[in-house]
Amino acid sequence: MYTTFLVLALLGGLGVHFWWQLRYGRLARQLASERRVLAESHKQQEDAAAQKQAEQQALFNSMIEGVLILDGTGHVQLVNQALRDFFGLQTDVRQQTIMEALRLRQLNELVHRLPAERIVQGLEIQLPGVNGKWLEVNAAAVLDRAGTQRGAILVFHDLTRIKQLENTRQEFVANVSHELRTPLSLIKGFTETLLDGAKDDPAVAVQFLRTIEKHSDRLTYLIEDLLTISQLEGGRVAMSLHPVELPEEVAGVIGDLQTRADQKSVTLRNEIPAGLRAQADAERLQQVLFNLIENAIKYGRTEGTVVIGSRLVGGERVEIWVRDDGPGIPAEARERIFERFFRVDRARSREAGGTGLGLSIVKHIVQAHGGEVAVRGEVGQGTTFAFTLPTVPSAEPDPV
Ligand code: ADP
C-alpha cells in the first residue's frame, strides 16, 4: 500500500515536472527569444540615433555659417567648426559665458538684449586683430512651450569679402571723381581767365587754349581707359586670338609713338627676331605695347634708349619685354604698380597726361590671354616690363 502510494506520488511528481517543463520551459525560451529581439531592436535604435547624431554633427560642422548655442544660464553649449575658425578658438569653450569664450562686448550686449527682443538681426561686427574679419550676427532666443527662454542660438555670417568689394568700389568712385575733377577745374579756371580779359592778349589766349585742349584730351583718355577697364573687368571683352607677327606689331606701335620719342630724343629699338609669332588679339596686343612703350618714353630718360625684345619660355610661351634706361621704380612701388590709379610720381604722371590706368589695362589684357605680366629693375638702373603670350599652336602653319 505504502509502495503503491510512493509510486503514485513519484508518477504524479514526474507528471507535474513534465507539465511544468512543457508549459514554462517553452515560455522561458519564448521569453529569452523575445528578449533577444528586443535587445537587437534596442541596439538598432541606438545605432540609428548615433548615425543621426553623427550626420547632424557633420552638417553642423560643414556649415559655412558659424553657429553658437547657449543654454538657459547663458553658457556655451555648442559651437561649430566655422565659428571656431572665425574666432580662432583653440580650446574647448563649452560651459563658458559668451564674454569668456569670445571676448566681445558687442556680443555680450546682444545676448542680454535677447530676453526682451527675442530676435536680433543684422548686427555687424569687426573682429579685432590683423585679419579684421567682418561678421554679421543673427541671434534668436530659444523658448519653451510656456514662452520661457531656455537658451539662445547665434549665427555668424562672414561679410569680409563683401566689405572688401564695397571698399574697393568706394575707393574707385572716389578716385574717378578726383581724376575727373582735376582737369575739369583746370579747364574751368583757364576759361574764366580768358573770359575775364586774357582773350584780348593773343599770345596768352593761345597758351591758355592749348592748356584747355591738353586737359580736355586727358578727360577723353580717362573716359576711354575707364570704359576699357570696365569692359575688361566685366569679362565683356572676348579676345579674338590669331597668330600675330610680333616684330611687325612692335614696329607699328613704334611708328605711332615715334614723334613722342623724338620730342625727348629717345631711341626706340625693336629687337624682336623676324618671324616670331604669338597667338594673340592683335588690337589688344597693340594696346599693351602702346601703353608700355609710351610709359618707357614718358618716364624714361631724355636722350635714353627703349629696347623691345623677346625670348621663348619653355616652348609654349613667348615673353616680350620693354626696357628703358630711366630712373627705375622703387621696390615698394613695384608691388603696387599694376593697381588702378597707382602712380609713383603723381604730379609727373598728370603732367604727362597719364590716367593711372595704363598698367592696369595691360595686366587685364595679358591675363585675358592666359599670360602674366611682371616688372623688373632697380632704382637708377632702368625699368623692364615683361609679359607672356601663348605661342602659335603647332596645328597653325608657320610662315615660310
Ligand atoms: P600713367 O597714366 O600714370 O602713366 P600707368 O598705369 O601707365 O599710369 O603707370 C602707373 C605709374 O607707374 C606711372 O604713373 C609711373 O609713376 C610708373 N611707371 C610706369 N612705367 C614706368 C617706367 N617705365 N619707368 C618708371 N616709372 C614708370
Side-chain angles (χ1 to χ4, degrees), residues 168 171-172 175-176 178-183 186 214-233 250 253-254 256-257 260-261 263-271 284-309 319-368 372-387:
T168 313
E171 217 173 273
F172 184 66
N175 274 327
V176 171
H178 181 76
E179 296 293 331
L180 289 172
R181 207 179 302 126
T182 315
L186 285 165
K214 185 171 111 186
H215 291 292
S216 324
D217 285 348
R218 233 184 95 193
L219 278 178
T220 313
Y221 300 146
L222 184 63
I223 287 159
E224 277 171 7
D225 279 0
L226 281 171
L227 284 174
T228 309
I229 283 267
S230 116
Q231 284 169 347
L232 288 166
E233 288 190 349
V250 172
V253 176
I254 286 183
D256 293 341
L257 284 165
R260 300 278 299 275
Q263 283 162 357
K264 260 185 96 176
S265 309
V266 171
T267 308
L268 301 176
R269 261 197 355 238
N270 180 357
E271 290 188 356
R284 294 292 171 185
L285 172 62
Q286 277 173 20
Q287 208 170 354
V288 168
L289 289 166
F290 189 95
N291 287 358
L292 294 180
I293 301 172
E294 189 194 32
N295 276 354
I297 300 170
K298 267 197 308 199
Y299 304 110
R301 206 163 55 80
T302 306
E303 297 183 352
T305 304
V306 175
V307 183
I308 301 98
E319 182 187 79
I320 299 147
W321 40 263
V322 177
R323 190 179 67 216
D324 65 60
D325 51 2
I329 301 173
E332 62 279 9
R334 281 204 298 273
E335 285 172 19
R336 300 191 50 198
I337 204 82
F338 295 101
E339 283 175 26
R340 296 180 301 204
F341 298 116
F342 180 83
R343 281 115 159 176
V344 183
D345 184 340
R346 198 159 277 275
R348 189 156 173 210
S349 159
R350 292 235 174 87
E351 188 46 43
T355 61
L357 294 172
L359 288 178
S360 181
I361 292 176
V362 164
K363 184 177 169 190
H364 276 297
I365 296 177
V366 171
Q367 286 180 343
E372 282 165 18
V373 60
V375 57
R376 299 194 276 262
E378 297 302 322
V379 173
Q381 293 178 12
T383 306
T384 302
F385 280 95
F387 62 95

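As the structure lists them, so they are numbered: ligands from 1, and atoms in each ligand from 1. Numbering starts at 1 and runs along the sequence shown.
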For [X], enumerate each residue passing the side chain to side chain contact (heavy atoms under 4.5 Å, CB included) test, keeping only those at least two apart in sequence or located in another chain.
X: Ser216; answer: Ile187, Ile212
X: Thr228; answer: Leu232, Arg284, Gln287, Ile361
X: Gln381; answer: Glu378

Next item on the list: Answer yes or no: is there an ion pair linking Glu233 with Arg340, defined by an N-O contact shorter than 4.0 Å?
Entry: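 Salt bridge between Glu233 and Arg340, a charged N being under 4.0 Å from a carboxylate O: yes.
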Check: With a 4.5 Å heavy-atom cut-off, do Thr302 and Val266 have their side chains touching?
Finding: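 They are not in contact (no side-chain heavy atoms under 4.5 Å apart), so the answer is no.
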Next item on the list: Below 4.0 Å from any atom of ligand 1, which residues have a heavy atom? Give them in chain and number order, please.
Entry: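 Correct list: Asn295, Ala296, Lys298, Tyr299, Asp324, Ile329, Ile337, Phe342, Arg343, Val344, Asp345, Ser349, Gly354, Thr355, Gly356, Leu357, Gly358, Leu359, Thr383, Phe385.
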Checklist line | cation_pi(Arg376, Phe385) dist<6.0 Å, angle<=45 | finding: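 No - Arg376 does not lie over the ring of Phe385 by the 6.0 Å and 45° rule.
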